[in-house]
Number of protein chains: 2
Amino acid sequence: MKRKITLKDIAKELDVSISTVSKALKNSNEIGFDTREKVQAFAKLYNYKPNNIAVSLQNSRTKHIALFIPEIVHDFFTTVLKGVEEVAHKNGYNVLVCVSNESFEKEVLSMEMFARGGIVDGFIISLSKETQLKEDYNHLIEIENQGMPLVMIDRITDKVISDKVIVDDMRGSYTAISHLINQGRKRIALITTEDYISVGSLRKKGYKKALADHDIELDERLILTINNIEDSDKAIEKFIRETTFDAVMGVNDVFAVVAMKALQNQGKKIPEDVAIIGFSDGKLLKYAAPTISAVNQHGDEMGKAAAQMLIDRLESDKEAENYKTTVITTTLIEREST
Amino acid sequence: MKRKITLKDIAKELDVSISTVSKALKNSNEIGFDTREKVQAFAKLYNYKPNNIAVSLQNSRTKHIALFIPEIVHDFFTTVLKGVEEVAHKNGYNVLVCVSNESFEKEVLSMEMFARGGIVDGFIISLSKETQLKEDYNHLIEIENQGMPLVMIDRITDKVISDKVIVDDMRGSYTAISHLINQGRKRIALITTEDYISVGSLRKKGYKKALADHDIELDERLILTINNIEDSDKAIEKFIRETTFDAVMGVNDVFAVVAMKALQNQGKKIPEDVAIIGFSDGKLLKYAAPTISAVNQHGDEMGKAAAQMLIDRLESDKEAENYKTTVITTTLIEREST
DNA sequence: TATACACACTCTAACGTTTTCGTGTTGATA
DNA sequence: TATCAACACGAAAACGTTAGAGTGTGTATA
C-alpha cells in the first residue's frame, strides 16, 4: 500500500514549512518565485493531489451531490442521471446515486444520513411513490431548514418550497391528445396511474383539457387507472377487450406497448384501427413494430437543468430565496403508430 | 443555515470532555453508565450524527465506492448499477457513479482524481471501448499499486490482475446457438461488434464453438461485424437483404430487434422463417412483437457480486492477493422468436 | 498503613488541509 | 545610523473526530 504523498512530505523533503508548500501550490505571491517553482515541480513529479477529505473538512464542502431517484431501471430516470452526471462532472462535482425503490423509508433514512453526516452539499430528488402517497415531506423540509440546497425534479410537491425542474406534463399530454384528435380520432382512451403520482395526474388533466377544448365529451370509461403495477399487463388486456376506442395514450412506454400488443392480438391494425401514443425517452417505443409515437420528456435536459440549478445555488453565497421552477418542454415524436 | 451539532457542542453542554462524549456514544465501558445514558439521550434529542468527513479523515476510509460504466442509458449497465447500489447501501457504503461515455480520457482522468484525492475507497469498473481498443491499462495498474481495491466487471482485460466478475459470455452464446441448432436451424447468422470488445469476441467464440460441436460448417459471410454503432441499423438492413439464413443472434438487444424488423419488412415470419435471439436484461426484447428470446446476463447479480467482492476486500485487512474471478451464469429466456 | 488497582474521566496527538497572524531578513529612505 | 516597508516564509489554530496515554479518585488487598 503506497501511502499517498502529503503537503507534509513535500515540506520535509524541500525543507520548508507546510504552509509554504500549501501557498506555493496555490501560486500565492506571498511565496518567492523560486520556491514556488521548486515546490510545484516537486509536486508534479510526485503526482501530488490534495486530499479531498481534508479540504472538505476545512471548508465543509464535499463537492458531492446526491441524486435520489425512485427507480433506476427506467429509461427516463436513466437519462436524468446521465444529464446530472454530465454537468456535475463538468463543474467538479461528483454524483452519489440513491435509488429509493419507491420506498418512503429508504428515501428518508438515506436523506437524513446524507444530510447530517455532511456527505453531500446538496440534493436532487424525484419523489418515491410512497412519499407522494403519504404526503409526508418532513425530511425535505428538514433539509431546507439545515440550509442545504434541494432541487426537486419530475415527481414533485408544492408542499415543499424549493427549486424545481419539471416537464410540462399537462401540455405534453394536451399536445399528444390534440394530435390524435386532429387526425380524426374521436374515442381516445387513456391508461394512467393513480392520481397521487403528480405526473400521472397532470397528464390526465392535459388529456381532459384537450378533449374539452375540442368539444369531445369525456367518457370516464375510457380511462384505465392502473393501481397495481405488477399485473398491469392483465389489467390492460382486460380493458382492451371490454372497451372500444380509436386511439389510446399510455402515460409511460410500457403501458403503450402492452396496449398495442393486446390490440394487435385482437386483430386491430395500428394505426389504421387504433392510434397509439406513449410517454418515453427510451428505446421501447422507438423499436416497437410499428414504431410508437411518443411524448419525449427529455430526461437528460431535466438532469442537466437540475444539476446546474443546484450548483448555482451552491456556488452563490447569497441566502436568496428566489426559488425557481424550470419547465422543460416536451416534444412530440411522431412515429408510425399515429 | 442551522449549524450542525458536534461532539464539542454536546461536551460543552454536558460539561464533560469531547473524548468522553465520543466514547459514551460508542458505548465504551471506559465511561460510567450514568454518563453514557446522559450523553446518548442528549445526542438523540438533538439528533446528533457524526460528521463523516472528520471520521473519514481520521481513519482514511470514506465509505464511498466508485462505479465506472461506459454508458448509462443501457439496460445492462443500469441493472448493474442497481445491484451495486443495493449491496453497497446494505453495507453502509455509498456509490459514486462515473459514466465514461466510452472515453479513455474521461476514464483515466476521473479515476486518477478519485484515487489520489482519496474520494473513494475502491473501484468497480467496466472498461470503455476506447480503453479496450488502446489496450492502455496503466491507470488501473496504478490504482492497484496504490493498494486500492479494484473489481473489474463485464468488459475486462487479463492484462490487469484484480478481482473480476464476468458473465459466461461464451457459454451463454454457445447455449443460445445450440438451442437454435436443436430446433433444426442450419444457417445461423451472428450480428456482433468488433473483436476488441471483450464480450463481443467471447460471444463470437461461443457461436463458433457451438457450430463446430454440431458439425455445422462456419460460413464467415453469416457474421456481420458492426463497426460504427451510429449506422448499425442500415448495416443490419443491408446484411439482411443480401444474406439468407434461418436464424440470427444479436450480441445485444438493439441488434436483435432491428434485425427482426428488417426481416419482417422483407415479409419473413418470425419464428417460422427465421428465429431470433438477443442478449439483454431489459424490456426491449420482452415487449417486442413477437417477443424475442434472450440470453439474460443478470446485470443485477453482477453488480451485487462485484460490490460484495469489493467490500469484502475493503473490510479484510489482509494484504492477500488471492484474486478471484466470479462467473455469473447467463440464462436463456425462451420467447416467441425461437 | 502502604500498595495496588479498577474506575471514570481528561489530555493530547493525529488525520491533511487552509488561512491568519507573526517574524526575521532585506534594501531603501531620512 | 535609525526607521520602515516590502518580502518571504513559519507558527499555529481550526475543521470534527478517534484512540492511546495519562490522572485523580476511591476501594480492596497484604
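Throughout, a chain's letter reflects where its sequence line sits, starting with A, and its residues are numbered from 1. These numbers come from the heavy atoms of this one structure, side chains and all, not from hydrogens, waters or symmetry mates.
Checking dT17(C), dG10(D), dG16(D) against every side-chain atom of Val55(A), the shortest atom distance belongs to dT17(C). Looking at the side chain of Gln58(A), the nearest of the listed nucleotides dT18(C), dT19(C), dG16(D) is dT18(C).
Salt bridge annotation for Arg116(A)-Glu142(A): present, with a cationic side-chain nitrogen under 4.0 angstrom from a carboxylate oxygen.
Looking at heavy-atom distances under 4.0 Å, Thr6(B) makes contact with sugar-phosphate atoms alone, never a base.
Between Asp34(A) atom CG and dT26(C) atom C1' there is a gap of 15 Å when expressed in whole angstrom units. When rounded to the nearest whole Å, the span between CG of Leu7(A) and P of dT18(C) equals 6 Å. Rounded to an integer number of Å, the gap from Asp9(B) CG to dC15(D) C1' is 13 Å. Counting to the nearest Å, the C1' atom of dT17(D) and the CD1 atom of Ile10(B) are 12 Å from each other. Nucleotide dC15(C) holds its P atom 11 Å from the CG atom of Asn51(A), rounded to whole Å. The CG-P distance, from Asp15(B) to dC9(C), rounds to 12 Å in whole Å. Between the NZ atom of Lys26(B) and the C1' atom of dG16(D) there is a distance of 12 Å, given to the nearest Å. Atom CZ in Arg61(B) sits about 15 Å away from atom P in dG16(C), given to the nearest Å.
No side-chain donor-acceptor contact under 3.5 Å links Thr79(A) and Asp300(A). Side-chain atoms of Asn101(B) and Lys82(A) form a donor-acceptor pair, as typed in the model, at a separation below 3.5 Å. Side chains of Gln132(B) and Ser198(B): a donor-acceptor N/O pair is present below 3.5 angstrom, by distance only.
Nearest-nucleotide assignment on DNA chain C puts the 5′-proximal partner with Lys8(A), out of Ser22(A) and Lys8(A). Between Lys23(B) and Pro50(B), the residue anchored closer to the 5' end of DNA chain D is Pro50(B), taking for each the nucleotide with the nearest heavy atom. Comparing Glu30(B) and Lys49(B) by the nucleotide of DNA chain D whose heavy atom lies nearest to each, the residue mapping closer to the 5' end is Lys49(B). Of the residues near DNA chain C, Ile5(A) and Ile31(B), the one whose nearest nucleotide (by heavy atom distance) lies more toward the 5' end is Ile31(B).
Between its two ends, the helix from dT1(C)-dA30(D) to dA30(C)-dT1(D) turns its axis by 80°, counting five pairs per end and rounding to 10 degrees.
For His139(A) and Phe114(A), the distance between ring centers is not under 6.0 angstrom.
The side-chain contact (heavy atoms from CB on, under 4.5 Å) test with Leu109(B) singles out one residue from Lys106(B), Glu105(B), Glu107(B), and that residue is Glu105(B).
Donor-acceptor pairing under 3.5 Å, judged by distance alone, is absent between the side chain of Lys4(A) and the base of dG16(C). Side chain Thr35(A) to base dA8(D): no donor-acceptor pair is found below 3.5 Å.
Listed pair Tyr48(A) / dT17(C) meets the phosphate criterion, a side-chain N or O lying under 4.0 Å from OP1 or OP2. Within the structure, every side-chain polar atom (N or O) of Thr20(A) is placed at least 4.0 Å from both OP1 and OP2 of dC9(D).
Both the sub-6.0 Å distance and the 45° axial angle are not jointly satisfied by Lys159(A) relative to the ring of Tyr137(A).
More than 12 heavy atoms of other residues, nucleotides or ligands lie within 6.0 Å of CG in Leu133(A), so this atom counts as buried by the packing criterion.
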